[in-house]
Amino acid sequence: QVQLVESGGGLVQAGGSLRLSCAASGSIFSTRAMGWFRQGPGKQRELVATLPSSGNTNYADSVKGRFTVSRDKAGNTVYLQMNSLKPEDTAVYYCNTALFPFQLGGASSTWGQGTQVTVSS
């Protein structure tokens, strides 16, 4: 039973940077796929980035070139580095994990509690 704990959200000005963290209860992320999702005010939850246990990362077009997802060496913490933040990035950000990339966001995945990111203009 994996548990995800998110942190790092806050209020920043447009153009600033923020790094989100997602820590697992154990050292298991090295063998699981990870994803970051977000849900802005009045919007549906959307996929931001994926990080498979192996293979290439994938980013939504809206964040490509600005956001970077990574794992620490132990494999128990995943990060989302967010640069050049825009007001439209304002949302609650959620980490998500599953055994396989195609399961991310679905019934076989596990969610963190979410962390608020607010970008002011």
Evaluate the side-chain proximity of [Y] to [X]: yes if any heavy-atom separation is below 4.5 Å, no if none is.
{"X": "Leu18", "Y": "Val117", "result": "yes"}
{"X": "Cys22", "Y": "Met34", "result": "yes"}
{"X": "Gln81", "Y": "Asn83", "result": "yes"}

Could you list the residues that satisfy ring pair (Phe, Tyr, Trp, His ring centres under 6.0 Å) with Tyr93, not counting sequence neighbours?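 Tyr93: no ring pair (Phe, Tyr, Trp, His ring centres under 6.0 Å) contacts found.
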
How about Thr50 and Asn58: does a side-chain donor come under 3.5 Å of a side-chain acceptor?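 There is no such pair (donor and acceptor under 3.5 Å, judged by atom type) between the side chains of Thr50 and Asn58.
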
So, Glu88 versus Thr90: side-chain donor-acceptor pair below 3.5 Å or not?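 Judged by distance alone, the side chains do not pair up.
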
Pair listing, salt bridge (charged side-chain N to carboxylate O under 4.0 Å, His left out) test, anchored in residues 98-108, at least two apart: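 Pairs touching residues 98-108 that pass the test: none.
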
Quick check: is [Y] connected to [X] through a chain of hydrophobic side chains (ILVMFWY, heavy atoms under 4.5 Å apart)?
{"X": "Leu85", "Y": "Val48", "value": "yes"}
{"X": "Val78", "Y": "Leu104", "value": "no"}
{"X": "Leu20", "Y": "Val92", "value": "no"}

Atom [atom1] in [X], atom [atom2] in [Y]: separation rounded to 0.5 Å?
{"X": "Met82", "Y": "Ser17", "atom1": "CE", "atom2": "OG", "result": "9.0 Å"}
{"X": "Phe37", "Y": "Tyr94", "atom1": "CZ", "atom2": "OH", "result": "12.0 Å"}
{"X": "Arg32", "Y": "Thr110", "atom1": "CZ", "atom2": "OG1", "result": "5.5 Å"}
{"X": "Ser108", "Y": "Leu99", "atom1": "OG", "atom2": "CG", "result": "8.0 Å"}

Of all heavy-atom pairs between [X] and [Y], which one has the smallest distance, and what is that distance?
{"X": "Ala98", "Y": "Gln103", "result": "CB-CB, 3.6 Å"}
{"X": "Leu51", "Y": "Thr57", "result": "CG-CG2, 3.9 Å"}
{"X": "Gly105", "Y": "Ser109", "result": "N-OG, 3.5 Å"}
{"X": "Ala33", "Y": "Pro101", "result": "CB-N, 3.7 Å"}
{"X": "Thr115", "Y": "Gly9", "result": "OG1-N, 3.2 Å"}

Taking only residues two or more places apart in sequence, or in another chain, which ones meet Ser21 in a side chain to side chain donor-acceptor pair (under 3.5 Å)?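 Counting only residues at least two positions away or on another chain, Ser21 forms no side chain to side chain donor-acceptor pair (under 3.5 Å).
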
Taking only residues two or more places apart in sequence or in another chain, which ones pass side chain to side chain donor-acceptor pair (under 3.5 Å) with Glu46?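 Residues passing side chain to side chain donor-acceptor pair (under 3.5 Å) with Glu46: Arg38.
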
Using the ring pair (Phe, Tyr, Trp, His ring centres under 6.0 Å) rule, collect all pairs that involve residues 54-79, keeping only residues at least two apart or in two chains.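 Residue pairs passing ring pair (Phe, Tyr, Trp, His ring centres under 6.0 Å), neighbours aside: none found.
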
Between Thr118 and Val12, is a side-chain contact (heavy atoms from CB on, under 4.5 Å) present by the stated rule, with each step listed? CA-CA 6 Å; Thr118 303; Val12 298; over 6 Å; no

Partner set under side chain to side chain contact (heavy atoms under 4.5 Å, CB included) for Ser84, not counting sequence neighbours: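 Counting only residues at least two positions away or on another chain, Ser84 forms a side chain to side chain contact (heavy atoms under 4.5 Å, CB included) with Arg66.
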
Does Asn96 reach the main-chain N or O of Trp36 with its side chain, forming a donor-acceptor pair under 3.5 Å?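 Looks like no, no N/O pair under 3.5 Å.
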
